[in-house]
Each structure stands twice: as C-alpha cells, then as structure tokens.
Amino acid sequence: MKLSKTFTSMLPALAASTAVLLSSPAFAETYGFSQIGSESGWRTSETNSIKAEAEARGIDLKFSDAQQRQENQIKAVRSFIAQGVDGILLAPVVETGWDQVLREAQRAEIPVVLIDRGVDADPSLYLTKVASDFTEEGALAASWLAAETNGVCDIVELQGTVGSSAAIDRKTGFDSVISNFPNMNIIRSQSGDFTRAGGKEVMESFLKAEGGGDNICALFAHNDDMALGAIQAIKEAQLQPAEDILVLSIDAVPDIFRAMADGEANATIELNPHLGGPAFDAIAAHEQGEEVDKWIKANGPLYLPDTAEAEYQARR
Ligand code: AHR
C-alpha cells in the first residue's frame with residue numbers, strides 16, 4: 001500500500017503525540033502515600049525522594065501529611081482505599097493500632113508497603129516493609145561508643161517519638177550492647193520527639209539535672225536533628241560538644257556532617273531515605289504474581305569526622 005504524501009508528513013507528529021499519551025498520567029498507576037510529617041531533615045529528604053521516584057516512573061502519587069498523628073494516617077489510608085488506588089505506602093508513626101485499617105486495605109485487595117518504620121501487626125496484613133534494621137543501628141552506635149570510651153561512659157539518651165519502631169528498636173539495640181559493659185550506664189533518657197527543638201529542650205534539662213553536665217561522657221540521640229539541637233544546648237552550657245560530651249546519632253543528614261567537620265559531633269549512622277524505588281518495585285513484582293520478601297532491608301554505615309567535609313559537600 002502506498003501512503004499519501006500528506007499522511008506520511010504527519011507521521012512524526014503522530015508518533016510524538018502517541019509517545020506523550022503513553023507516558024501521560026492517564027496510563028500510570030495511582031498510589032497513596034501516607035507520610036508521618038516533616039519532623040526532621042531526614043523525613044523531608046525521604047518525602048522528596050519518594051515523590052521524585054514516583055514522578056520518574058509516571059506514577060500518580062496521592063500524598064498525605066499526617067502531622068505526626070496516627071488518626072490522620074488511618075483517615076488517609078481509608079481515603080486511598082475509597083479512591084481505589086493500586087497500592088499504598090504507609091510510614092507508620094507508631095507501632096501499634098494498625099490491624100483494622102490494614103485489614104480494610106487487604107479486603108479491598110490493595111497492597112500496603114510499610115515505609116521506614118514497622119508495625120506490631122500480623123505480617124500477612126501488609127505486602128512488605130522497606131526499612132532499615134533499627135535494632136542493628138542502635139547496636140552499632142553502642143559498639144562504637146564502647147570502643148571509643150573503653151567501656152566506661154555515663155550516657156544521656158535522646159529517644160525518638162514515643163511508641164515508634166525507630167525509637168523502640170534503636171533503644172533495644174543500644175541497650176543490648178551496653179549491658180555487656182558494667183561501666184557504661186544510661187543516666188538520663190527522654191524523648192525529644194525526633195525534632196531539633198525537642199533535642200535542645202531535653203538536653204537543656206539533662207544538663208541542668210546533672211549539675212551542669214561535667215559528668216556526662218556521651219549523648220546518644222536517636223536522630224541527627226535532636227543531636228543538632230542538643231549541640232546548641234551543650235554550647236550554651238559552656239561545654240564543648242564532641243570533646244566534653246561525645247555526640248553520636250543516626251540519619252547522616254548534611255547538617256550533622258557540617259557539625260562533624262566543625263568538630264562538634266563524633267559519629268552518625270546512615271539511614272537511607274531513598275525507599276520509593278524498592279517500594280514501587282515490590283508492588284510491581286506483586287502485580288506480576290511474584291513472591292516479595294517481608295522485609296527489604298536498607299541499612300547504612302557509620303561515618304566519622306575524617307570524611308565529614310567530603311560527605312557534607314557531596315550531600316548538601
Ligand atoms: O523513622 C526514622 C526516623 O524518623 C529518623 O531517624 C528520624 O530522623 C525520623 O524523623
């Protein structure tokens with residue numbers, strides 16, 4: 001068959017518009033993402049990374065910010081179910097109280113991927129968890145501190161959000177290691193809610209309660225933001241962070257590398273914020289009828305001041 005000259009000249013335009021149509025959101029899957037909030041620098045990076053990954057894959061991502069409230073997350077998940085999304089990403093603020101809503105998603109045959117934090121529920125209620133092993137992070141932190149102090153250290157601890165798997169498991173891992181060292185003790189421990197302001201406020205109260213803080217050997221903060229707030233409090237108490245009080249935390253956000261490079265923090269453990277890729281891959285694999293592991297782990301290394309300037313420049 002011979003194509004007319006006019007039709008042939010239209011072919012490039014037709015091909016281009018077909019490509020646009022094929023990549024348009026109308027052909028993409030729709031997922032819901034219930035995020036905890038924006039309590040820390042790490043959380044903001046995680047949100048941005050997951051949104052960018054969805055965009056790169058042509059996924060229509062419905063985003064809901066729960067502002068630290070579980071009831072907002074439950075409402076968001078129910079609304080995703082009502083909208084008939086193809087999958088749900090849930091970063092659960094606390095560990096308990098999810099069974100009912102997870103069962104509702106399961107009844108609607110919508111796979112749920114837990115992002116970053118875990119839940120205390122039957123694993124059959126969700127597809128998988130894409131997250132770091134928080135217990136390992138806590139144990140790694142304590143092992144570093146034990147080596148650094150020859151097993152002799154009075155520690156203050158800034159815990160994360162009460163009831164969150166991140167706070168519960170990091171504490172469990174940390175405690176399990178220091179229990180092997182009779183001269184390592186946690187002398188104060190309180191939640192700073194994973195925020196910079198919370199870290200500063202609670203550290204101020206620790207310093208006051210300890211008569212100025214001269215006896216405090218180290219701070220273990222469950223995240224970098226609380227450590228950064230605490231560093232401020234230590235300086236205001238006329239002590240030198242990282243020298244008078246060792247500062248150890250988790251996340252590896254750019255600001256903690258700045259603090260380490262400036263001699264104000266000693267160590268951080270990386271928490272990978274790029275969890276969208278493995279989560280979307282897991283849902284796609286499930287849709288193809290493939291088995292998906294119940295826990296897709298994403299643990300990171302411990303960083304020290306020697307590489308801090310380079311890490312800061314690379315990540316800021
Ligand atoms: O659940 C992970 C923790 O939550 C991160 O360590 C902290 O920064 C965040 O807010």
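Worth saying up front: this structure is predicted, and the values here are computed from it rather than measured. Note that ligands are numbered from 1 as they come in the structure, with each ligand's atoms numbered from 1 the same way.
Closest of all the heavy-atom pairs between D122 and D99 is N-OD2, 4.4 Å.
Taking the charged nitrogens against the carboxylate oxygens, R258 and E264 have no contact shorter than 4.0 Å, which rules out a salt bridge. Taking the charged nitrogens against the carboxylate oxygens, R188 and E157 have no contact shorter than 4.0 Å, which rules out a salt bridge. Between K62 and D60 there is a salt bridge, since at least one side-chain N of the basic residue sits less than 4.0 Å from a carboxylate O of the acidic one.
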Check ligand 1 for N or O atoms under 3.5 Å from a protein N or O and list each pair with its distance.
residue  : atom   : partner : partner atom : Å
ligand 1 : 1 (O)  : R43     : NH2          : 3.3
ligand 1 : 1 (O)  : D116    : OD1          : 3.2
ligand 1 : 1 (O)  : D116    : OD2          : 2.8
ligand 1 : 1 (O)  : R117    : NE           : 2.7
ligand 1 : 4 (O)  : R43     : NH2          : 2.9
ligand 1 : 4 (O)  : R117    : NH2          : 2.9
ligand 1 : 6 (O)  : R170    : NH1          : 2.9
ligand 1 : 6 (O)  : R170    : NH2          : 3.3
ligand 1 : 6 (O)  : D251    : OD1          : 2.6
ligand 1 : 8 (O)  : S40     : OG           : 2.9
ligand 1 : 8 (O)  : N223    : ND2          : 2.9
ligand 1 : 8 (O)  : D251    : OD2          : 2.6
ligand 1 : 10 (O) : E39     : OE2          : 2.4
ligand 1 : 10 (O) : S40     : OG           : 3.0

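Checked against the 6.0 Å centroid threshold, F280 and Y31 count as a close aromatic pair.
The side-chain hydrogen bond (donor to acceptor under 3.5 Å, both in side chains) contacts involving residues 75-90 comprise R78-E104, S79-Q83, where partners must be two or more places apart or lie in separate chains.
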